[in-house]
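Okay, so here's the structure we're looking at.
If you're wondering where the values come from, they're calculated on a predicted model, not measured in any experiment.
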Amino acid sequence: MEYISYLATPLLVISSFPQLLKMYKSKSSQGVSVTMFYLTLASVLLLFLEAKRLNSYIIMIADIASMIMLILNIYLIHKYRLNKSQKVL
């Protein structure tokens with residue numbers, strides 16, 4: 001079953017990249033749910049802790065990479081929402 005991890009790992013890592021790229025190019029986070037990203041980050045963190053307990057290094061690496069992508073997405077969501085609210089005032 002370890003081979004499934006090798007297939008799922010790159011998918012997990014790149015799953016939030018399209019949204020990250022779209023926000024970066026458009027400089028807008030309109031319509032993006034920050035709650036979804038926070039919940040996904042929490043679940044990936046829990047998966048990381050389980051992978052650490054099992055000494056599954058491939059999963060740990062994937063989880064770390066996914067957390068980085070998720071944190072970048074969350075950062076951009078807050079950055080572009082802040083910029084929008086500042087322009088309105």
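Taking CD from Q30 and CZ from R81, the interatomic distance works out to 9.0 Å, rounded to the nearest 0.5 Å. With values rounded to the nearest 0.5 angstrom, I14 atom CD1 is found 9.0 Å from M69 atom CE. To the nearest 0.5 Å, the span separating CD on E50 from CD1 on I59 amounts to 11.0 Å. One distance of note links CD1 of I68 with CG of D63; it measures 11.0 Å at 0.5 Å rounding. Rounded to the nearest 0.5 angstrom, L72 CG and I77 CD1 are separated by 11.0 Å.
Residues L21 and L70 are members of one and the same hydrophobic cluster, defined by side-chain heavy-atom contacts under 4.5 angstrom among Ile, Leu, Val, Met, Phe, Trp and Tyr. Grouping the Ile, Leu, Val, Met, Phe, Trp and Tyr side chains by contacts below 4.5 angstrom, directly or via other members, places L41 with F17. When the side chains of ILVMFWY residues are joined at heavy-atom separations under 4.5 Å, either directly or via intervening members, M67 and L76 end up in a single hydrophobic cluster. In the hydrophobic cluster analysis, where Ile, Leu, Val, Met, Phe, Trp and Tyr join through side-chain heavy atoms closer than 4.5 angstrom, I61 is grouped apart from L45. Hydrophobic clustering (ILVMFWY, side-chain heavy atoms < 4.5 Å, transitive): V44 and Y57 are in one cluster.
Relative to the six-membered ring of Y24, K27 meets both conditions, a distance below 6.0 Å and an angle of at most 45° to the axis.
The two residues K52 and M60 come nearest to each other via the heavy atoms CA-SD, 3.6 Å.
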Side-chain donor/acceptor pairs under 3.5 Å, residues 32-40, sequence neighbours excluded:
unit_1: S33; atom_1: OG; unit_2: M36; atom_2: N; d: 3.2
unit_1: Y38; atom_1: OH; unit_2: H78; atom_2: NE2; d: 3.0
unit_1: T40; atom_1: OG1; unit_2: M36; atom_2: O; d: 2.8

